[in-house]
Colleague: 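Sharing a structure with you now.
Everything quoted here is computed from the prediction, not taken from an experiment. So you know, we letter chains A, B, ... as the sequences are listed, proteins then strands, and number each from 1.
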There are 2 protein chains.
Amino acid sequence: MAEAQGLRADARRNRELIVAAARELFLEQGVDVALEEVARRAGVGIGTLYRRFPDRDALLHAVGEQTLTRLAGLAEAAWAEEPDAWHALRRFLRGCAELRLGELSSKLDPHLHQPLRAGDDLRELRQRSIDLLLRMTERAQADGHLRPDIGPGDLALLMTLHVHTPPGLPAGEAVARVTEIVLDGLRAGPGATPLPGTALSGDDLVRHTQSG
Amino acid sequence: MAEAQGLRADARRNRELIVAAARELFLEQGVDVALEEVARRAGVGIGTLYRRFPDRDALLHAVGEQTLTRLAGLAEAAWAEEPDAWHALRRFLRGCAELRLGELSSKLDPHLHQPLRAGDDLRELRQRSIDLLLRMTERAQADGHLRPDIGPGDLALLMTLHVHTPPGLPAGEAVARVTEIVLDGLRAGPGATPLPGTALSGDDLVRHTQSG
DNA sequence: CAATATCTGGAGGAATTTCCTCCACTTGTT
DNA sequence: AACAAGTGGAGGAAATTCCTCCAGATATTG
């Protein structure tokens with residue numbers, strides 16, 4: 001949110017309304033929504049939107065930044081406040097589901113790829129979450145709570161799992177149930193089926209998890 | 001594929017090329033791709049596409065039909081050829097992942113909703129898969145292989161789980177690993193965490209799983 | 001191997017959508 | 001109260017997308 005410094009109070013408020021509206025609409029309709037619609041949903045004029053975000057990319061970037069910031073906060077809170085690594089991991093994955101990280105990243109990622117300006121601040125933001133995820137994984141496996149045949153890359157895939165809830169069902173509950181099933185599948189245990197292929201490493205992860 | 005009867009051989013071939021191209025492009029870029037692009041990918045002229053599919057809906061419908069046909073075939077093969085209900089369920093869910101059912105239905109569903117002409121043949125096609133899924137669920141739970149606190153509706157959510165594989169990773173393998181983790185989470189066992197909320201019923205399922 | 005019914009490609013004009021600037025007016029700040 | 005900062009949305013340019021039409025190519029049949 002560095003860009004929001006030095007703005008007049010009303011301008012800052014509007015900027016946030018725009019980002020929030022963009023996030024919603026990107027989720028609902030994809031990143032190609034007309035920017036005019038974003039402005040309408042945010043309750044501001046189209047001129048205001050263009051002043052703050054010169055082009056679509058700037059808006060995508062802002063949404064990515066907001067989400068990655070939340071993600072990093074989530075990871076940090078989980079690591080700091082939970083009694084052990086496994087519980088931290090649970091909380092983290094549940095939080096990812098709540099953030100709808102999967103839907104968002106599947107929509108944002110492809111568009112952030114090309115114009116990934118080097119030295120992007122998104123990089124650093126992402127790295128904070130990844131570092132913690134690595135730590136949680138190692139530790140939970142060492143503790144014997146997490147099945148040993150997975151890697152952090154696998155967890156990244158699960159972070160961005162996208163539960164397609166048909167309209168009409170209580171989305172939150174559906175997602176929560178699926179998340180718990182997955183968590184049960186992640187637990188170390190005698191009954192665990194060996195996974196095919198090889199564990200996805202942290203490097204795979206770093207190279208690919210783009211936005212959030 | 002009833003619509004394909006009575007076409008000249010080359011026309012039928014082209015029709016299938018178009019549906020295949022549409023399926024690919026819908027997955028890659030969403031259902032809003034320019035129809036001209038579909039024609040290009042299929043290697044036919046735009047006129048040909050319009051002759052066979054008067055509007056976008058017809059094409060969506062055809063893709064849905066193709067996918068649901070495959071899905072029903074998958075369910076039937078699984079039920080008929082596997083030694084027990086649990087193995088049938090495994091095979092079925094793995095097949096769904098392979099079909100990329102989740103991505104497709106999350107893209108197709110919203111557009112099939114409004115113009116869901118009553119008495120649609122998609123309905124019947126869908127029903128066949130659902131019936132078998134119900135049977136598999138009941139039976140696998142009775143056999144003590146599937147955790148008892150889930151319903152067929154939950155399985156439907158898992159059928160359409162969308163693994164967002166970042167470009168560059170071997171998609172097939174990633175999906176396979178996630179699928180196995182989920183299957184482990186579905187197994188009945190002493191360690192299973194109780195799920196929040198209530199099991200999603202078969203009715204929830206029937207009412208909402210639209211296309212494929 | 002004709003003859004003909006069927007099918008094909010893509011040029012191109014109409015219609016729609018989206019973009020984005022510009023400036024008269026409003027609002028926050030000091 | 002004064003001014004810097006911010007606002008909205010009309011509207012023209014540009015880009016997309018749609019979809020028809022027909023001269024020519026291709027399968028099929030006897």
Colleague: Within the structure, does a side-chain N or O atom of A/R15 lie under 4.0 Å from either OP1 or OP2 of D/dG6?
Modeller: no
Colleague: Mark yes or no for whether B/D154, through its side chain, and B/G151, through its backbone, hold a donor-acceptor pair below 3.5 Å.
Modeller: yes
Colleague: For B/R56, which contact category applies under a 4.0 Å heavy-atom criterion: base, sugar-phosphate, or nothing?
Modeller: sugar-phosphate
Colleague: Out of C/dA11, D/dT7, C/dC19, which nucleotide sits closest to the side chain of A/T48?
Modeller: D/dT7
Colleague: For the pair made of CG in B/D55 and P in D/dT20, what is the distance, rounded to whole Å?
Modeller: 10 Å
Colleague: Figure out the CD/C1' separation between B/E37 and D/dC18, and round it to whole Å.
Modeller: 15 Å
Colleague: Of the listed nucleotides (D/dT17, C/dT8, C/dC19), which one gets closest to any side-chain atom of A/L35?
Modeller: C/dC19
Colleague: Could you check how far CD of A/Q29 sits from C1' of C/dT18, rounded to whole Å?
Modeller: 14 Å
Colleague: So, for A/W86 and A/L183, which heavy atoms are closest and what is the spacing to 0.1 Å?
Modeller: CH2-O, 3.7 Å
Colleague: Contact class for A/G43 (heavy atom, under 4.0 Å): base, sugar-phosphate, or nothing?
Modeller: sugar-phosphate
Colleague: Would you mind classifying the nucleic acid contact of B/R12 as base, sugar-phosphate or nothing, using non-hydrogen atoms under 4.0 angstrom?
Modeller: nothing
Colleague: Between the side chain of B/R187 and the main-chain N/O of B/R147, is any donor-acceptor distance below 3.5 Å?
Modeller: no
Colleague: Base contacts versus sugar-phosphate-only contacts with protein, heavy atoms under 4.0 Å: please encode nucleotides 21-30 of chain D as B, S and - from 5' to 3'.
Modeller: -----BSS--
Colleague: Take the protein atom CD of B/E36 and the nucleotide atom C1' of C/dG12, then report the distance between them rounded to whole Å.
Modeller: 11 Å
Colleague: Of the candidate nucleotides C/dC7, D/dT7, D/dC18, which contains the atom at the shortest distance from the side chain of B/Y50?
Modeller: D/dC18
Colleague: Whole-Å distance between C/dT21 C1' and A/F53 CZ?
Modeller: 18 Å
Colleague: Ignoring hydrogens and geometry beyond distance, is a side-chain donor-acceptor pair present between B/D57 and B/H111 at under 3.5 Å?
Modeller: no
Colleague: In whole angstroms, how far is the C1' atom of D/dC18 from the CG atom of B/D57?
Modeller: 15 Å
Colleague: Kindly give the heavy-atom pair with the smallest separation between B/R41 and B/A21, and that separation in Å.
Modeller: CG-CB, 3.5 Å
Colleague: Donor-acceptor pair, distance only, cut-off 3.5 Å: does the side chain of A/R128 make one with the backbone of A/L68?
Modeller: no
Colleague: Could you pick out which residue, B/I46 or A/I46, lies toward the 5' side of DNA chain D when each is mapped onto its nearest nucleotide?
Modeller: A/I46
Colleague: Could you check whether any side-chain N or O of B/E173 sits under 3.5 Å from a backbone N or O of A/T198, counting only pairs where one atom can act as donor and the other as acceptor?
Modeller: yes
Colleague: Can you check whether B/N14 has a side-chain N or O nearer than 4.0 Å to OP1 or OP2 of C/dT8?
Modeller: yes
Colleague: CZ of A/R40 versus C1' of D/dG9: gap in Å, rounded?
Modeller: 12 Å
